[in-house]
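Atom set for the values below is all heavy atoms of this structure, side chains included, hydrogens, waters and symmetry mates excluded.
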Amino acid sequence: MSSYAAPLRDLRFVLEELLEHRSLRLPEYQELSAELVTAILDEAARLAGEVWAPLNRHGDEQGCRLEEDVVHTPTGFVEAYRAFAEGGWNGIGSDPAHGGQGLPEVVASAVQEMWQAANMALALCPLLTAGAVEALAQHGSEELKSRYLEKLISGEWTGTMNLTEPQAGSDLSTVRTQAMPEGAHYRLSGQKIFITWGEHDCADNIIHLVLARLPDAAEGNRGISLFLVPKFLVDEQGRPGERNDVSCVSLEHKLGIHGSPTCVLSFGEHEGAIGYLVGEPGRGLQHMFTMMNAARHKVGIQGIGVAERAYQQACTYAAERVQGRTPEARGGRPAALNEHYDVRRMLLSMRARLEALRALALLSASEMDRARHAPTVDERQCAQRRVDLYTPVVKAFSTDQAVDITSLGIQVHGGMGYIEETGAAQHLRDARIAPIYEGTNGIQALDLAGRKIHRDGGATLGGVLDEVAACADELTADVELADLGMSLHQGVGDLRRAVAIVLARGDDAERGPDALQALATPLLALTGHVLCAWQMGRAALIAQAALATGNDDAFYQAKLASADFVLRQWLPIGRAQLAAIEADPGVLD
């Protein structure tokens, strides 16, 4: 398996030129300079490339093992995680009031891509902790926050999300775990499955956030509450003490992410696991969605990171592997794979899509910064609506594309890609989980079509599409980029028509819910293609202007090639989804 080098130049391009460091202009971040952001990215790249990345293949091969209720992670993971936590990386985007560094979400997201690319299995641990921090910060009592937040933010303790049960997958209304009141706390009993990093040896304590039912709870989603259940009970001084009644009874055997312990957890095999109510009774699912929405954006970035690793490995192999010969017109000499045009096409496809997905994910993160810290209520609300719109697209579209990109990485390797020893297959195996967890991509599509588009009559997406159309106008006005502008205009027109169809069919009193289900996935795919093409259209304008000044020719020439591919070859694939949207949903019956 090849080494990993963070794509610093492209990350800087998105932050500095596409987004123009707009998060740094918010009052909250005025003391943060662009130079400091660059230094942060450089240092994160060093840790990711030198410490985390070399363990990726080893972690896949060794996996985790369960011995007497203790999960042992692959050799080197404990030290790598502690280097991460001691460096302050776990809390770079968290509130300074609880020990975080308070950096913009867009910077934290750029760094997040590095961890996921370097070692996705290990990076899942802080990803889940970040979600636990968000849920506790927003919904926990002051007592719970004072006792647990600082340790979670520092990374000394880690967090988990406990939703799924054997009979309750995506449908959480059937959760059966019980919580019995006992004085100031509760006793939980039940079983949870698929718990990422539910038990491990990297931290001193594990804080589980668990969905469970109170004795008098109503049936369905309204009867679910959220509880904090520590692995080790915490005393008044905040020190871990007695082991709680929660145990790992088995590890899941998975397709990929072998270095990440996915646990079956049992609560209350003896006297009952002590837990503390988070937020209001009966609103556990709403509180948990705070955690899930934060995780969904990070899972989209996770897909981008793994795909970047697959692309880098494919590039290295294609440059080194000699196979076949060049045409006689060019001498007929032995040729490396990257001299063959079909391989070059595959590599360009991988790179161009990655750049587009990265730009959209970081745009979404910058809107999170505005939603939290913009000066006016109207600005914050507008930004939050865009965050809500972008989140299912970033999660689902990025991870679907990651599966395709990592598969293409195997294709570049040819037969050697199908052999485990090269490491190319690991990226595909690892990436394949991302479209499934944190809400399957079908659920993300339903969220986009129903809650985000149908609920507001398409107003938020319509406002975004006005900006996309303005970008298309700019491209069309440039003689050299006019074809890209025409393609983007066509994409905007197709998406506007698709939204109109979804709104009309969704309003049907009899078939509306069925129509939304039938149309949701092609609508998300079309939306993802158009929004990514928009970002690459903007990138083309910036690159063209830079080339006119003779600035960094190689980078900007490559950026123009990526934009050309996205707008003229990839966007038409997304536009084909309009046919599925225009079709009668009844054909799926």
Exercise. Is the side chain of His297 donor-acceptor paired with the backbone N or O of Ala361 at a distance under 3.5 Å, no angle test?
Worked result: yes
Exercise. Can Arg538 and Gln535 be counted as having a side-chain donor-acceptor contact under 3.5 angstrom?
Worked result: yes
Exercise. Between the side chain of Thr129 and the main-chain N/O of Cys125, is any donor-acceptor distance below 3.5 Å?
Worked result: yes
Problem set entry | Reported NE2-to-CD distance for the pair His258 and Glu61, which is rounded to 0.5 angstrom | 11.0 Å
Exercise. Is atom CD of Glu480 surrounded by more than 12 heavy atoms (other residues, nucleotides or ligands) closer than 6.0 Å?
Worked result: no
Exercise. Got a donor-acceptor contact below 3.5 angstrom from the Arg25 side chain to the Glu20 backbone?
Worked result: yes
For this session: Could you tell me whether Glu31 atom CD has more than 12 heavy atoms of other residues or ligands within 6.0 Å of it?
Result: no
For this session: Step through the shown structure and confirm whether more than 12 heavy atoms of other residues, nucleotides or ligands are within 6.0 Å of CZ on Arg497.
Result: no
Exercise. Does a side chain donor of either Asp553 or Gln557 reach within less than 3.5 Å of an acceptor in the other side chain?
Worked result: no
Problem set entry | Exercise: do Arg12 and Thr38 side chains pair donor with acceptor under 3.5 Å | no
Problem set entry | Ring geometry between Trp570 and His529 (parallel below 30°, tilted from 30 to 60°, perpendicular above 60°) | tilted
Problem set entry | Side chain Asp369, main chain Glu105, donor-acceptor under 3.5 Å | yes
Exercise. Around atom CZ of Arg46, are there more than 12 heavy atoms of other residues, nucleotides or ligands at under 6.0 Å?
Worked result: yes
Exercise. How many angstroms lie between CG in Leu122 and OG in Ser260, if you round to the nearest 0.5 Å?
Worked result: 9.0 Å
For this session: For residues Leu428 and Val306, determine if any side-chain heavy atom of one lies less than 4.5 Å from a side-chain heavy atom of the other.
Result: no
Exercise. Does any N or O in the side chain of Arg296 come within less than 3.5 Å of the main-chain N or O of Gln444, such that one atom is a donor and the other an acceptor?
Worked result: no
Problem set entry | Distance in Å, Lys298 NZ paired with Ser109 OG, rounded so as to fall on 0.5 Å steps | 6.0 Å
Exercise. Quick check: does any side chain N or O of Lys559 sit under 3.5 Å from a backbone N or O of Gln544, one acting as donor and the other as acceptor?
Worked result: no
Exercise. In terms of the angle between their ring planes, are Trp115 and Trp52 parallel, tilted or perpendicular, with boundaries placed at 30° and 60°?
Worked result: tilted
Problem set entry | Check: Ser366 side chain, Leu363 main-chain N or O, donor-acceptor pair, under 3.5 Å | yes
Exercise. Any side-chain heavy atom of Arg309 sitting closer than 4.5 Å to one from Asn56?
Worked result: yes
Exercise. Between Tyr556 and Phe13, what is the ring plane arrangement, given parallel below 30°, perpendicular above 60°, and tilted in between?
Worked result: perpendicular
Exercise. With a 3.5 Å cut-off and no angle check, do the side chains of Asp494 and Gln490 form a donor-acceptor pair?
Worked result: no
Exercise. Does the side chain of Leu15 reach to within under 4.5 Å of the side chain of Leu41, using non-hydrogen atoms?
Worked result: yes
Exercise. Between Thr406 and Ala402, is there a donor-acceptor pair closer than 3.5 Å when you use the side chain of the first and the backbone of the second?
Worked result: yes
Exercise. Between the side chain of Thr549 and the main-chain N/O of Ala546, is any donor-acceptor distance below 3.5 Å?
Worked result: yes
Problem set entry | Glu339 side chain to Ala336 backbone, donor-acceptor under 3.5 Å | yes
